[in-house]
Amino acid sequence: MKKRTHTCGELTKNDVSKSVVLNGWINTVRLHGQVVFVDLRDRYGKTQLVFNADTYPGDFDAVKKLSIEDVISISGTVQPRADEAVNPGMFTGEIEVAVNSLVILNETEPLPFVITDRESASEDFRLKYRYLELRTEELQKNMITRHRAYQAVRSYLTNEQFIEVETPVLMKSTPEGARDYLVPSRIHNGKFFALPQSPQTYKQLLMISGFDRYFQIVKCFRDEDLRADRQPEFTQIDLEMSFVDEQDIYALGEGLTGSVFKEVLGVSLPQKFPVMTYNEAMDTYGTDKPDLRFELQLKDVKPFTDASDFNAFKSAETVKGLVLPGMQYSRKIIDQMTDFVKQYGAKGLAWMKAENGVLSGGISKFLSEDLQQKLRNELEINDGDMIFMIGDAKETVLQSTGALRNEIARRENLAKESDFKPLWVVDFPMFEWDEDDKRFIAMHHPFTAPKNEDIDKLTSDPKNVISRGYDLVINGYEVAGGSIRIHERDLQSKVFKLLGISKEEADQKFGFLLNAFRYGAPPHGGIAFGFDRLVMLLAGTHNIRDVIAFPKTTSAMSLMDESPSPVSNTQLDELGIVLKGRD
RNA sequence: GGGAUCGUAGUUCAGUUGGUUAGAACGCCGGCCUGUCAAGCCGGAGGUCGCGAGUUCGAGUCUCGUCGGUCCCGCCA
């Protein structure tokens, strides 16, 4: 193999008459009998090669046999193209390389799908041959975007005095939170490590060690079901700071996010991100991660439906309305929308259309003309608009109306892809009541500090304790989340107790952390970014698999290497594991 | 755990109320072709209709089960 003098993406008119060596993959072959064109590709670009039977000194029959995705090495001379042969769509389109020597480094077998077109094969096929799919321009671009994001993060945080520290991948399994991936210990038969759901406890211990500002770009593992934006192993930008409050974290998060968007996309985010409370987000958008690229706010219409003759909503805890300006859907689409909201537990979808100064259709006949006018004025409903309404238990109404809001935005293309609207969501409740287990569970995690003024409520009124947690939301994605932590042993014990974790269990599972709090724990707090989701936004995709080199399917399998897979009895014996089999 | 949807040449798809020999495009193989850039033209090979039952004189088509992909609910501190 001759070593390349240039990549396939750099030769221009300025290189004409140079002797060059190029290595790469054959992107396309255009065979014209006595002249053969080949587009040679590497990750830097494509260059057209010409084999001319009159001048090519080698075996021309071998040239005719070249096929797509063969790996070759050529040497030749750069020559200008005739004016009419210039390809303006190609960076190297003004030149071509007249080949005088060809070495076939690796001949390819017929491909399972067309490399140049990602859409040419279904996803399971592309995942099985992921190394081929990764040759596509789109995925190459995404991986480069991801690389640039890593670098932007490291450079920004290093400038801000952060220290990168690696924490263990084999750690203690702890209660609370997501299901752990377990790793059996051979040396300690019958005992298990867990893979980290996040390096949470380690980073707190690093604060106690005095590192003051820590970060890590780190793999995390959660054995839960997948989604378009969720993989069982994913990457976090994990960071923690000492002697800080919420304002310091917001400033850092804004600086880091802004810097990444600037470095990778050249996009300027606002210097300060708006802040919204959890209650306001739920009440106005029906979600704790609202997409602020479009309006469509949820409105309280309970007073109006209560005053109407429409009885179905009378007993509903909450009734929310969504006014669609300038949109009136057909019966068919309304039926589709009704099916859509039923997925979220709504029993139905009430609607009315505004025309000729009144409301019509749907449940309008249950509203007096006077009530209709009041509703139109209050919610600013104009002719040509329509309103959807859902009434039910508060949680159901918010969730289904919030989902409907997103669905309408999707159908109507209300959100511009190039638009980025970051938002801090704050003042989360500290606890959620778990009906199944009849106990409180931490909404964020059990190390999150309560608001100082709510500490007394921990005993008197735990349901209404507000935490010092915060989420960073961009375009409807939860991009980061964190909190100011508890750094006092007593308070931490109190919270464990509230979560129904006995003193014995707390000592057994979190004793190391509680002990550490005895020896000079600084006040600290931090945040963790879902790195893959951040890259999704940067890459302009809605699928996390598009930004992960070797992702898993919805059923958490790797189709390429067919993992997970059975292991030998010898391996199981060593670990002292006997498979019980499932019912 | 649940819902929706998909599975037919190597690949992407079509395939009528269940009815003769399951089609097309791209790819592959062979031939022609000296300026293409999604090259073109001619010819050819290529199918366990995901798998397994069932209904039927007859199933790619209908029913049930099962496996796999995708999206969603639950779940994801």
Side-chain angles (χ1 to χ4, degrees), chain A residues 27-39 46-56 60 64-65 67-69 81-90 92-93 96 108-129 174-180 197-198 200-201 220-232 234 339-346 396 399-400 403 406-407 428 430-432 434 436 440-448 467 469 478 481-483 495 499 501 528 530 542-543 545 552-555 557 559 562:
Chain A
N27 198 68
T28 44
V29 180
R30 293 179 294 279
L31 177 65
H32 291 250
Q34 299 308 299
V35 62
V36 176
F37 298 99
V38 168
D39 288 342
K46 287 178 226 168
T47 300
Q48 175 165 290
L49 313 179
V50 190
F51 295 84
N52 191 313
D54 294 341
T55 55
Y56 178 68
F60 202 75
K64 287 183 171 178
K65 293 237 178 319
S67 55
I68 285 177
E69 297 303 313
R81 296 201 203 178
D83 286 350
E84 64 276 11
V86 164
N87 183 343
M90 222 168 153
T92 62
E96 61 193 6
T108 191
E109 289 183 18
L111 294 157
F113 56 89
V114 187
I115 303 291
T116 44
D117 180 12
R118 238 188 124 201
E119 301 302 312
S120 74
S122 58
E123 184 151 12
D124 49 340
F125 230 82
R126 287 183 273 129
L127 284 174
K128 183 172 175 191
Y129 298 96
T174 51
E176 303 292 304
R179 203 175 285 117
D180 281 328
Q197 298 174 27
S198 85
Q200 182 61 34
T201 48
C220 301
F221 306 85
R222 293 177 190 174
D223 187 4
E224 298 292 348
D225 288 348
L226 294 85
R227 287 289 186 280
D229 65 346
R230 247 164 51 190
Q231 283 269 308
F234 62 100
D339 287 341
F340 177 81
V341 296
K342 280 181 179 170
Q343 294 179 314
Y344 298 86
T396 306
Q399 204 196 349
S400 53
N406 284 335
E407 174 64 11
F428 286 87
M430 185 92 173
F431 306 110
E432 282 174 297
D434 185 327
D436 295 337
F440 284 114
I441 52 174
M443 189 149 178
H444 188 54
H445 58 54
F447 315 110
T448 298
S467 86
E478 184 194 322
S483 62
V495 169
L499 294 172
I501 302 171
H542 296 280
N543 194 317
R545 294 186 299 277
K552 306 224 171 3
T553 66
T554 310
S555 63
M557 292 206 304
L559 293 180
E562 295 181 313

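Owing to the predicted nature of the structure, the values given are computational and were not obtained by experimental measurement. Chain letters run A, B, ... following the sequence lines, proteins first, then strands; residues in each count from 1.
- Atom-to-atom, CD1 of A/I68 to P of B/A38 comes out at 12 Å; the value is rounded to the nearest Å.
- At least one side-chain heavy atom of A/R118 sits less than 4.5 Å from a side-chain heavy atom of A/R126.
- As rounded to the nearest Å, B/U16 and B/U20 have P atoms that lie 11 Å from one another.
- Here, B/G44 and B/A9 have their C1' atoms 14 Å apart, quoted to the whole Å.
- Contact check, A/R227 against B/G74: no side-chain N or O comes under 4.0 Å of OP1 or OP2.
- Nearest heavy-atom pair, A/P88 versus A/V86, reported as atom, atom and distance to 0.1 Å: CD-O, 3.4 Å.
- A/N52 comes within 4.0 angstrom of a base, heavy atoms only.
- Summarising the base pairing, B/C71 is matched to B/G3 through a Watson-Crick or G-U wobble pair whose two defining distances lie under 3.5 Å.
- Listed here is the closest heavy atom pair of A/L226 and A/T553: CD2-O, 3.3 Å.
- Comparing B/C41 with B/U48, their P atoms are spaced 30 Å from each other, to the whole Å.
- Scanning atom types as modelled, one donor and one acceptor separated by under 3.5 angstrom connect the side chain of A/R230 and the base of B/C75.
- Ring stacking holds between A/H32 and B/A39, with the centres under 5.5 Å apart and the planes within 30 degrees of each other.
- Across all strands shown, B/U12 is found opposite B/A24 as a Watson-Crick or G-U wobble partner, with both distances under 3.5 Å.
- Shown are A/R545, A/K128, A/K552; of these, the salt bridge (charged side-chain N to carboxylate O under 4.0 Å, His left out) with A/E123 is made only by A/R545.
- Checked by atom type and distance alone, the side chain of A/Q197 pairs as donor or acceptor with a backbone atom of A/A178 at under 3.5 Å.
- The A/P110 side chain lies nearest to B/C28 when the options are B/C28, B/C37, B/C75.
- Comparing B/A59 with B/C76, their C1' atoms are spaced 43 Å from each other, to the whole Å.
- Rounded to the nearest Å, the gap between the C1' atom of B/C42 and that of B/G58 is 40 Å.
- Close to B/C71, at under 4.0 Å from its OP1 or OP2, lies a side-chain N or O of A/N543.
- In this structure, B/C62 forms a base pair with B/G54, meeting either the Watson-Crick or the G-U wobble geometry with both donor-acceptor distances under 3.5 Å.
- For A/E96, counting side-chain heavy atoms from C-beta on, the closest listed nucleotide (B/G68, B/C75, B/G35) is B/G35.
- Atom CG in A/L31 sits roughly 16 Å away from atom P in B/C42 (whole-Å rounding).
- Using a 4.0 Å cut-off between a side-chain N of Lys or Arg and a carboxylate O of Asp or Glu, A/R30 and A/D39 qualify as a salt bridge.
- Computed from coordinates, the A/L226 CG to B/G2 C1' distance equals 16 Å when rounded to whole Å.
- Taking 4.0 angstrom as the limit, A/R30 places none of its side-chain polar atoms (N or O) nearer than this to OP1 or OP2 of B/U36.
- Using a 4.0 Å heavy-atom cutoff across all strands shown, A/A178 reaches sugar-phosphate atoms only and no base atom.
- Distances were taken from every side-chain heavy atom of A/D39 (C-beta onward) to each of B/A39, B/C37, B/G1; the shortest belongs to B/C37.
- Between A/E432 and A/V86, the residue whose closest nucleotide on RNA chain B is further toward the 5' end is A/V86.
- Closest of all the heavy-atom pairs between A/I68 and A/T28 is CG1-CA, 4.3 Å.
- Of the C1' atoms belonging to B/G15 and B/U21, the separation is 15 Å, rounded to the nearest Å.
- Summarising the geometry of A/F440 relative to A/L499, their closest heavy-atom pair is O-CD2, 3.6 Å, with the distance given to 0.1 Å.
- The side chain of A/Q34 places no N or O atom within less than 4.0 Å of a non-bridging phosphate oxygen (OP1 or OP2) of B/U36.
- The two residues A/E69 and A/L111 come nearest to each other via the heavy atoms CG-CD1, 3.3 Å.
- At the heavy-atom level, A/Q399 lies under 4.0 Å from the strands shown only through sugar-phosphate atoms.
- A/L499 comes within contact range of no nucleotide atom at all, as no heavy-atom separation falls under 4.0 Å.
- Nearest-nucleotide mapping onto RNA chain B: of A/S555 and A/Q200, the residue sitting toward the 5' end is A/S555.
- Rounded to whole Å, the separation between the C1' atoms of B/G52 and B/G68 comes to 15 Å.
- In this structure, A/L49 atom CG and B/U36 atom C1' are separated by 13 Å, rounded to whole Å.
- Of the side-chain N and O atoms in A/T554, one or more sit less than 4.0 angstrom from OP1 or OP2 of B/C71.
- Here A/T448 lies out of heavy-atom contact (under 4.0 Å) with every strand.
- Looking at every heavy atom in both residues, A/A121 comes nearest to A/F113 through CB-CB, 3.5 Å.
- Under 3.5 Å, the side chain of A/N87 and the base of B/C37 form at least one donor-acceptor pair of N or O atoms.
- When both pairing distances are held under 3.5 Å, B/C29 makes a Watson-Crick or G-U pair with B/G43.
- A/N27 places its CG atom 11 Å from the C1' atom of B/A38, with the value rounded to the nearest Å.
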If the sugar-phosphate is the primed atoms plus P, OP1 and OP2 and the base is the rest, what is the B/S/- string for nucleotides 3-13 of chain B, using protein heavy atoms under 4.0 Å?
-------SSS-

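- To the nearest angstrom, P of B/G30 lies 12 Å from NZ of A/K64.
- Listed for the A/T448 side chain is no donor-acceptor partner under 3.5 Å among the backbone atoms of A/M430.
- What separates NE2 of A/H542 from P of B/U70 is a distance of 18 Å, to the nearest Å.
- For A/E176 and B/C75, the CD to P distance is 15 Å, given to the nearest whole Å.
- When the C1' atom is used for both B/G47 and B/U63, the distance is 25 Å, rounded to whole Å.
- Using a 4.0 Å heavy-atom criterion, one finds that A/R545 contacts the sugar-phosphate atoms exclusively.
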